[in-house]
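First the structure, in the form of structure tokens, and then the observations on it.
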2 protein chains.
Amino acid sequence: MQKKSLKEQGYKLTKPRQLILDFFSRRSQPASVNQIYRALKAKIDKVTVYRVLAVLQEVGLIFEEPGEKESLYYAAKKQHHHIVCRVCGLSQCLPCTHFFSKIKNFSAIEHKMTISGLCKKCAH
Amino acid sequence: MQKKSLKEQGYKLTKPRQLILDFFSRRSQPASVNQIYRALKAKIDKVTVYRVLAVLQEVGLIFEEPGEKESLYYAAKKQHHHIVCRVCGLSQCLPCTHFFSKIKNFSAIEHKMTISGLCKKCAH
DNA sequence: AAAATAAATGCAAGTCAGTTGCTTTTACCT
DNA sequence: AGGTAAAAGCAACTGACTTGCATTTATTTT
Ligand SMILES: [Mn+2]
Ligand SMILES: [Mn+2]
Ligand SMILES: [Zn+2]
Ligand SMILES: [Zn+2]
């Protein structure tokens, strides 16, 4: 089954929401709030960016991820791990192994991981 | 070889530094800046807590870690991974496997990982 | 098509972690 | 004890993120 739209889930399709959905349809890499805000050349308030991202995440149209500098990043595809260059920010997907399937004493396990390094261009 | 003291590394042994070293000698779990600050009942300025932690980390007497709520945590033992209860904060060490030893395109690899869950007491 | 209405936006102000600049105090050396 | 550089304390700042509230907008109802 494919993703339900905002309207199908009882949310209005507003101009800010449309702008941010368009942004993600053009972009495959994860993006921070500020990257999104700047990409829209401040056509919408930054508070609205936060609120729209919360809604889009709520309805499963985007996904949150941990990041290096700004802590919240979002992407159009479900969360998996990345390696990020600490100099230029180049980011590359990593195959997602399933760590820790049998941890004792804890339930409802979640994990967040950031792997960073220097890409060829930045390594000297 | 064992750890060099502050003095041996050219740093003064001041009252705030002593207090924080004592704090870590009593505590095995990682602690955030605020936890440290509150534990000292504000005997020293919070800015000083930040600066002392930076020094102690610099000289290798404590180690920084990523965390769930506050992003900076510190511990007396070298960085490894933990699982943290999202309700009460109970934290437990995890064996550190050496992920990602052969990543392509990136050098100087570092990783940060937080694993959280609900401990037995908080799981209902 | 216009009015009604609830939901969403924008703006201003607030919170909270972490930083910076600067003055005063302190550890340590002579 | 006195001198001095390093460190502490204080106040103000920054930047991410949140909250409250008045205004605007998407969609429903006439
Ligand atoms: Mn994964
Ligand atoms: Mn590890
Ligand atoms: Zn790079
Ligand atoms: Zn718990």
Side-chain angles (χ1 to χ4, degrees), chain A residues 4-23 30-59 61-75 84 86 89 112 114, chain B residues 4-23 30-59 61-75 84 86 89 112 114:
Chain A
K4 282 185 185 145
S5 70
L6 278 170
K7 280 191 184 167
E8 286 170 315
Q9 301 192 56
Y11 291 89
K12 294 181 179 175
L13 182 52
T14 63
K15 204 181 311 179
R17 287 170 182 173
Q18 191 57 258
L19 281 167
I20 291 183
L21 284 171
D22 290 350
F23 170 86
S32 70
V33 170
N34 283 320
Q35 289 170 336
I36 298 163
Y37 180 65
R38 289 197 309 264
L40 301 180
K41 295 213 188 74
K43 280 203 262 285
I44 56 183
D45 198 272
K46 199 190 277 188
V47 178
T48 302
V49 175
Y50 280 103
R51 292 198 272 224
V52 168
L53 292 172
V55 168
L56 296 182
Q57 191 193 356
E58 181 90 12
V59 304
L61 292 172
I62 63 169
F63 303 90
E64 192 179 306
E65 308 192 355
E68 262 293 290
K69 310 183 61 179
E70 295 153 286
S71 59
L72 300 176
Y73 280 71
Y74 296 87
V84 184
R86 285 189 294 273
K112 296 183 181 182
T114 315
Chain B
K4 282 187 185 143
S5 70
L6 279 169
K7 280 191 185 168
E8 286 171 316
Q9 301 193 54
Y11 291 90
K12 294 181 181 174
L13 181 51
T14 63
K15 204 182 308 180
R17 287 171 182 173
Q18 191 57 256
L19 280 167
I20 292 184
L21 284 171
D22 290 350
F23 170 86
S32 71
V33 170
N34 283 319
Q35 290 170 337
I36 297 163
Y37 180 65
R38 289 197 310 264
L40 301 181
K41 295 212 188 75
K43 282 204 259 286
I44 57 181
D45 198 90
K46 199 190 278 187
V47 179
T48 302
V49 176
Y50 279 103
R51 293 198 270 221
V52 167
L53 291 171
V55 169
L56 296 183
Q57 192 193 357
E58 181 91 11
V59 303
L61 292 172
I62 63 169
F63 303 91
E64 192 179 307
E65 308 192 353
E68 261 294 290
K69 311 183 61 183
E70 294 154 284
S71 60
L72 301 175
Y73 280 70
Y74 296 87
V84 184
R86 285 190 294 273
K112 297 182 182 183
T114 313

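Predicted model, so just to flag it, every value in this text is computed and none were measured. Protein chains get the first letters and strands the later ones, always in sequence-line order, with residue 1 at the start of each.
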(request) Report yes if a side-chain nitrogen or oxygen of B:K46 is closer than 4.0 Å to either non-bridging phosphate oxygen (OP1 or OP2) of C:dT19; otherwise report no. (result) no
(request) Give every residue pair that meets the side-chain hydrogen bond (donor to acceptor under 3.5 Å, both in side chains) criterion with at least one member in residues 40-59 of chain B, sequence neighbours excluded. (result) B:N34-B:K46, B:Q57-B:E64
(message) Testing the basics here: between B:A39 and B:F23, what is the closest heavy-atom pair and its distance to 0.1 Å?
(response) CB-CE1, 3.4 Å
(request) Give the minimum heavy-atom separation between B:E65 and B:P30, together with the two atoms involved. (result) OE1-CG, 3.7 Å
In whole Å, I'd like the distance from the [atom1] atom of [X] to the [atom2] atom of [N].
X     : N      : atom1 : atom2 : result
B:Q18 : D:dA8  : CD    : P     : 12 Å
B:L53 : D:dA8  : CG    : P     : 11 Å
B:Q9  : D:dA6  : CD    : P     : 16 Å
B:Y37 : C:dG18 : OH    : C1'   : 14 Å

(message) For a quick check, with a 4.0 angstrom heavy-atom cut-off, what is the B/S/- contact string for nucleotides 1-13 of chain C, read 5' to 3'?
(response) -----BBSSBBB-
(request) For A:Y50 and for A:L13, find the nucleotide of DNA chain D with the closest heavy atom, then tell me which residue's nucleotide is more 5'. (result) A:Y50
(request) Give, for atom CD1 of A:I20 and atom CD1 of A:I36, the distance between the pair rounded to the nearest 0.5 Å. (result) 6.0 Å
(request) Measure the spacing between CD1 of A:I62 and CG of A:L53 and express it to the nearest 0.5 Å. (result) 4.5 Å
(request) Using the test side-chain contact (heavy atoms from CB on, under 4.5 Å), find all partners of B:K12 that sit at least two apart in sequence or belong to another chain. (result) B:T14, B:R17
